[in-house]
Amino acid sequence: MGATKTPSSERRIALPREAIASLTRHRAHQDADRDVAGPAWTDTGLVFTTKTGAPLHPSNVNRDFHQLLRGARLRKIRFHDIRHSCASLLLDQAWTSS
């Protein structure tokens, strides 16, 4: 992990069990993709990749994200904004469950 903008902006947030379970399932799917791709697999070390291990193209991520928003009838936001929303919700959850 890289350095934060300021020392006071560093936070440690515990992931809920559901998030860990989801990431574990995702890793299993990615392992299956790696097996199918064989020598065509590009080992980038990234968590989210294409079926051949390559980095996701930002325009594809944005397109899929906005389709999900429309399907859920949610207002349009930038994909980048969800990391702030998620962090705020997780911090709030940590405070209310303490």
Peer 1: As an exercise, state the distance from NE2 of His66 to CG of Leu74, rounded to the nearest 0.5 Å.
Peer 2: 11.0 Å
Peer 1: How many angstroms lie between atom NZ of Lys51 and atom CH2 of Trp41, to the nearest 0.5 angstrom?
Peer 2: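 One gets 9.0 Å once the value is rounded to the nearest 0.5 Å.
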Peer 1: Mind checking the CG-CD spacing from Asp64 to Gln67? Nearest 0.5 Å is all I need.
Peer 2: 5.5 Å
Peer 1: What is the minimum heavy-atom distance between Phe65 and Ile77, and which atoms define it?
Peer 2: CE2-O, 3.5 Å
Peer 1: To the nearest 0.5 angstrom, please state how far the CG atom of Leu89 sits from the CD1 atom of Ile82.
Peer 2: 11.5 Å
Peer 1: For the residue pair Thr49 and Gln30, what are the closest heavy atoms and their distance?
Peer 2: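 Closest approach of Thr49 to Gln30, heavy atoms only: OG1-NE2, 3.0 Å.
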Peer 1: According to a 4.5 Å side-chain heavy-atom criterion applied to Ile, Leu, Val, Met, Phe, Trp and Tyr, with indirect links allowed, do Leu56 and Val36 form part of one hydrophobic cluster?
Peer 2: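 Different clusters.
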Peer 1: Using atom types as modelled and distance alone, determine if a side-chain donor or acceptor of Thr24 lies under 3.5 Å from a backbone N or O of Ile20.
Peer 2: yes
Peer 1: Are Phe48 and Val61 packed together at the side-chain level, in the sense that at least one heavy-atom pair is separated by less than 4.5 angstrom?
Peer 2: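 They are not in contact (no side-chain heavy atoms under 4.5 Å apart), so the answer is no.
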Peer 1: May I ask you to test the Pro55-Thr42 pair for a side-chain heavy-atom distance under 4.5 Å?
Peer 2: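 Sidechains of Thr42 and Pro55: no contact.
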Peer 1: Are the side chains of Leu23 and Leu15 in touch, meaning some heavy atoms are under 4.5 Å apart?
Peer 2: yes
Peer 1: So does Arg27 have more than 12 non-hydrogen atoms from other groups sitting under 6.0 Å from CZ?
Peer 2: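 No, the 6.0 Å shell around CZ holds no more than 12 heavy atoms from other groups.
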Peer 1: Please round to the nearest 0.5 Å and tell me the distance separating atom CZ of Arg78 and atom NE2 of His84.
Peer 2: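 These two atoms lie 7.0 Å from each other.
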Peer 1: Measuring from Ser85:OG to His80:NE2, what's the distance to the nearest 0.5 Å?
Peer 2: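 Between atom OG of Ser85 and atom NE2 of His80 there are 10.5 Å.
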Peer 1: Hydrophobic clustering (ILVMFWY, side-chain heavy atoms < 4.5 Å, transitive) - are Phe79 and Leu68 grouped together?
Peer 2: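 Looking at the clustering, Phe79 is in a separate group from Leu68.
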